[in-house]
Amino acid sequence: MINQDTTISVKNLEVSYGMIKAIKGISFEFKSGEITALIGSNGAGKTTTLKALSGLLPHSGEVLFNHQNISALDAPARLKYKMALCPEGRGIFPNLTVTENLMLGAYLEKSKAKVNELIEQQFTMFSRLAERRKQVAGTLSGGEQQMLAIARALMSEPKMLMLDEPSLGLAPVIIEQIFQKFEDLRQRGLGLLIVEQNAHLALEVSAKAYVLETGAITLNGKGSDLLSDPRVVEAYLT
Ligand SMILES: Nc1ncnc2c1ncn2[C@@H]1O[C@H](COP(=O)(O)OP(=O)(O)O)[C@@H](O)[C@H]1O
Ligand SMILES: [Mg+2]
């Protein structure tokens with residue numbers, strides 16, 4: 001249980017690829033104990049935003065962890081601030097076993113006993129992974145690979161977990177199981193930022209949501225309000 005509240009505030013974030021500005025000065029925030037959604041179509045800038053937040057892309061603007069400006073920190077340093085990214089396409093190592101993939105998620109942790117304890121925590125949460133602990137990750141189903149990617153992100157004991165299109169390519173019944181885990185994590189006090197093209201699902205589970213269109217936030221509000229907003233319905237839900 002995490003009892004200290006955390007807010008990540010993003011202010012005027014700008015990210016460019018060469019001459020092209022992919023993110024054009026967006027501001028949003030997400031908090032511990034809440035699910036926040038960032039929805040947008042393909043190419044809107046969702047992945048770029050998460051990479052910048054994780055310290056994987058240079059950006060201007062501010063990323064504030066509570067009130068501390070962490071904009072100048074690189075990705076490993078941001079992990080120490082308990083922010084973890086579960087990347088698009090999952091980024092697991094197909095030739096390594098489930099357990100080995102999990103170990104890599106705790107590469108900053110020096111204590112072997114602690115690493116083992118963290119691995120067992122993931123196996124408690126994801127029993128399907130426990131049954132497959134010695135299996136190479138490339139032979140897992142899509143849903144199991146997504147669970148492994150989430151579990152690996154949790155190995156750094158994040159307070160704030162950012163997920164890039166966790167539902168992509170998965171069957172509805174598996175998506176439901178995975179989103180149930182997100183709700184469990186939220187109840188334990190984690191803050192989740194879920195980035196999705198699957199707007200319906202993301203808006204249903206989120207307290208707060210933002211709509212990203214070609215690098216700018218065009219709408220924001222309660223997830224439930226956006227679900228019935230005619231502009232959202234027309235552009236994302238029909
Ligand atoms: N490495 C890159 N180099 C140049 N342009 C990129 C690169 N990655 C993404 N882009 C561009 O930035 C925009 C946003 O991409 P991205 O963040 O991947 O969108 P999303 O995740 O919402 O689909 C797109 O126009 C994309 O073509
Ligand atoms: Mg993307």
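Ligands are counted one by one from 1 in listed order, and the atoms in each one are counted from 1 as well. For clarity, every value in this text was computed on a predicted model and none was experimentally measured.
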Original post:
Between the side chains of Q68 and Y81, is a donor N or O closer than 3.5 angstrom to an acceptor N or O?
Top reply: yes

Subject >> L85 to A153 - nearest heavy-atom pair and separation >> reply: O-CB, 4.0 Å

Original post:
Which heavy atom of the protein is the closest neighbour of atom 1 (N) of ligand 1, given with residue, atom name and distance?
Top reply: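 In this structure, atom 1 (N) of ligand 1 has Y17 CE2, 3.7 Å as its nearest protein heavy atom.
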
Original post:
Considering I23, D164, T48, N42, which one's heavy-atom position lies nearest to atom 17 (O) of ligand 1?
Top reply: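 The option holding the nearest heavy atom is T48.
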
Original post:
Where the closest heavy atom to atom 23 (O) of ligand 1 is concerned, which of A52, G18, G43, S16 has it?
Top reply: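 That would be G43.
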
Original post:
Is at least one protein non-hydrogen atom found at under 4.0 angstrom from atom 26 (C) of ligand 1?
Top reply: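 It does not: no protein heavy atom is found less than 4.0 Å away from atom 26 (C) of ligand 1.
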
Original post:
For ligand 1, which atoms, with element, lie under 4.0 Å from some heavy atom of A22?
Top reply: 12 (O)

Original post:
Do any N or O atoms from the side chain of K46 and from the backbone of S41 form a donor-acceptor pair under 3.5 angstrom?
Top reply: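 Side chain of K46 to backbone of S41, a donor-acceptor pair under 3.5 Å: yes, one is there.
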
**OP:** Name whichever N, O or S atom of E88 ends up nearest to the Mg ion (ligand 2).
**Re:**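 Result for E88 and the Mg ion (ligand 2): OE2.
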
**OP:** Can you run down the salt bridge (Lys or Arg N to Asp or Glu O under 4.0 Å) pairs that involve residues 85-101, sequence neighbours left out, and say none if there aren't any?
**Re:** none

Original post:
Got a sec, which pairs hit salt bridge (Lys or Arg N to Asp or Glu O under 4.0 Å) with one end in residues 129-144, sequence neighbours left out?
Top reply: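 Matches after skipping sequence neighbours: E120-R133, R128-E144, R132-E144.
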
Subject >> Contact check: T47 to the Mg ion (ligand 2), N/O/S below 2.8 Å >> reply: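 T47 does place an N, O or S atom closer than 2.8 Å to the Mg ion (ligand 2).
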
**OP:** Could you tell me whether G45 and ligand 1 have an N or O pair separated by under 3.5 Å?
**Re:** yes

Original post:
Should T47 be counted as touching ligand 1, given the test is an N or O pair under 3.5 Å?
Top reply: yes

Subject >> Ring-face cation contact, F30 with K208, 6.0 Å cut, 45° max >> reply: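 No - K208 does not lie over the ring of F30 by the 6.0 Å and 45° rule.
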
**OP:** State whether R186 and E183 are salt-bridged, where the test is any N-O pair (Lys NZ or Arg NE/NH1/NH2 against Asp/Glu carboxylate O) under 4.0 Å.
**Re:** yes

**OP:** Run the contact test for S41 against ligand 1 with a 4.0 Å cut-off on heavy atoms, strictly below, and give the result.
**Re:**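 Yes, S41 has heavy atoms under 4.0 Å from ligand 1.
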
